Amino acid sequence: MTNDIHILVIDDDARLRELLQKFLTEEGFRVTTAANANDARQKMSSFSFDLLVVDVMMPGESGLEFTKSLRMLNSIPVLMLTAMGETEARIEGLQVGADDYLTKPFEPRELILRIQSILRRAQISPAIEAPAIIIMGHMRFDTNREILLKGDDPVRLTTTEVALLKSLSNEPGRIMSREELTTLCQIEGGDRSVDVQVTRLRRKIEIDPKTPRYLHTVRGRGYVLRPD
């Protein structure tokens, strides 16, 4: 049922926000709007959404920057709106985690079809999504609550360590390059900084950090998490 689907429209153009809210509401969706990235985050802290419609070109934090930061912590589907001629923005949008894009101006019917397509794909994602609990011997990482536990005791993690562990946990068994981790975790300082953060994280999850059992280095390629 579409009235069970809650969509957040994020666009600095008040007229377009109103039009999208009116059209999507008429189609049976629940719709909330936000004028910028900060407004969107406030709405997301108060409400649960099933899909975001995000404009690329917004003052301050752009739609691309917002989506990139969102993907560090959230897998909610994103449909990105781009202006004609913004080819690079469309490509970058997909690279930072958007599920699809739509070029403005667009036909309202096409918007609905693309939303429906994204939602259909999202419905099958639980079969392939990362496990909620990552087991590493005596350690457990709750990916939803972002808490690392040693037995029943929480282990303090820095913000960067949480982002790093969550990124690796989202795709256990897949080798992730230092460049990819730098981008996903917003680590400044390049490859060396990633290595330092991995070393620190190993001290918290490995029995013997010098001979890691779970967080492995793959020479020339990057890092991979292989939990139990």
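As a basis for the values below, the full set of heavy atoms in this structure was taken, side chains included, without hydrogen atoms, waters or symmetry mates. Remember, predicted model here, so these are calculated numbers, not experimental data.
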### Interatomic spacing from CG in Leu79 to CG in Leu51 - rounded to 0.5 Å
6.5 Å
### Task
Return yes if some donor-acceptor pair links the side-chain N/O of Thr199 with the main-chain N/O of Asp195 below 3.5 Å, else return no.
yes
### Message
Could you see if Phe106 belongs to whatever hydrophobic cluster contains Val31? Use Ile, Leu, Val, Met, Phe, Trp, Tyr and a side-chain cutoff under 4.5 Å.
### Response
yes
### Message
So for atom CD, which belongs to Glu26, do other residues, nucleotides or ligands contribute more than 12 heavy atoms lying within a distance under 6.0 Å?
### Response
yes
### Message
In the structure I gave you, are the side-chain heavy atoms of Met58 and Ile10 within less than 4.5 Å of one another anywhere?
### Response
yes
### Any side-chain heavy-atom pair of Leu20 and Leu111 under 4.5 Å
yes
### Query
Is there side-chain contact between Leu8 and Val54, with at least one heavy-atom pair below 4.5 Å?
no
### Task
For the pair Asn170 and Ser167, evaluate side-chain hydrogen bond (donor to acceptor under 3.5 Å, both in side chains) and give the outcome as yes or no after the intermediate values.
CA-CA 5 Å; Asn170 282 341; Ser167 295; 5.5 Å; no
### Query
Are there more than 12 heavy atoms of other residues, nucleotides or ligands under 6.0 Å from atom CZ of Arg226?
yes
### Query
Is there side-chain contact between Asp50 and Ile76, with heavy atoms separated by less than 4.5 Å?
no
### Query
Quick one: does Val162's side chain get under 4.5 Å of Thr160's, heavy atoms only?
no
### Query
Got Leu148 and Leu165 here, is their nearest side-chain heavy-atom distance under 4.5 Å?
yes
### Task
Report yes or no: does Glu161 contribute a side-chain atom to a donor-acceptor pair with the main-chain N or O of Thr158 at less than 3.5 Å?
yes
### Pairwise distance CG(Asp39) to OG1(Thr33) - rounded to 0.5 angstrom
7.5 Å
### Query
Between the side chain of Lys43 and the main-chain N/O of Ala34, is any donor-acceptor distance below 3.5 Å?
no
### Message
Between Arg202 and Thr217, do the side chains contain a donor N or O and an acceptor N or O under 3.5 Å apart?
### Response
yes
### Query
Does the distance from a Lys or Arg side-chain N to an Asp or Glu carboxylate O, for Arg213 and Glu206, drop under 4.0 Å?
no
### Task
Can you measure from CD1 (Ile207) to OH (Tyr214) and round to the nearest 0.5 angstrom?
6.5 Å
### Query
Nearest 0.5 Å, what's the NE2-NZ distance between His138 and Lys150?
4.5 Å
### Task
Can you label the angle between the His6 ring and the Phe49 ring as parallel, tilted or perpendicular, going by 30° and 60°?
tilted
### Query
CG of Leu102 to CD1 of Ile115: how many Å apart, nearest 0.5 Å?
9.0 Å
### Query
Taking atom CG of Leu19 and atom CG of Asp11, what is their separation to the nearest 0.5 Å?
10.5 Å
### Query
How about Arg41 and Ser69: does a side-chain donor come under 3.5 Å of a side-chain acceptor?
yes
### Query
Would one find more than 12 heavy atoms of other residues, nucleotides or ligands at under 6.0 Å from atom CZ of Phe47?
no
### Task
Taking all non-hydrogen atoms of both residues into account, name the closest pair between Thr67 and Gly97 and its distance.
CG2-C, 4.2 Å
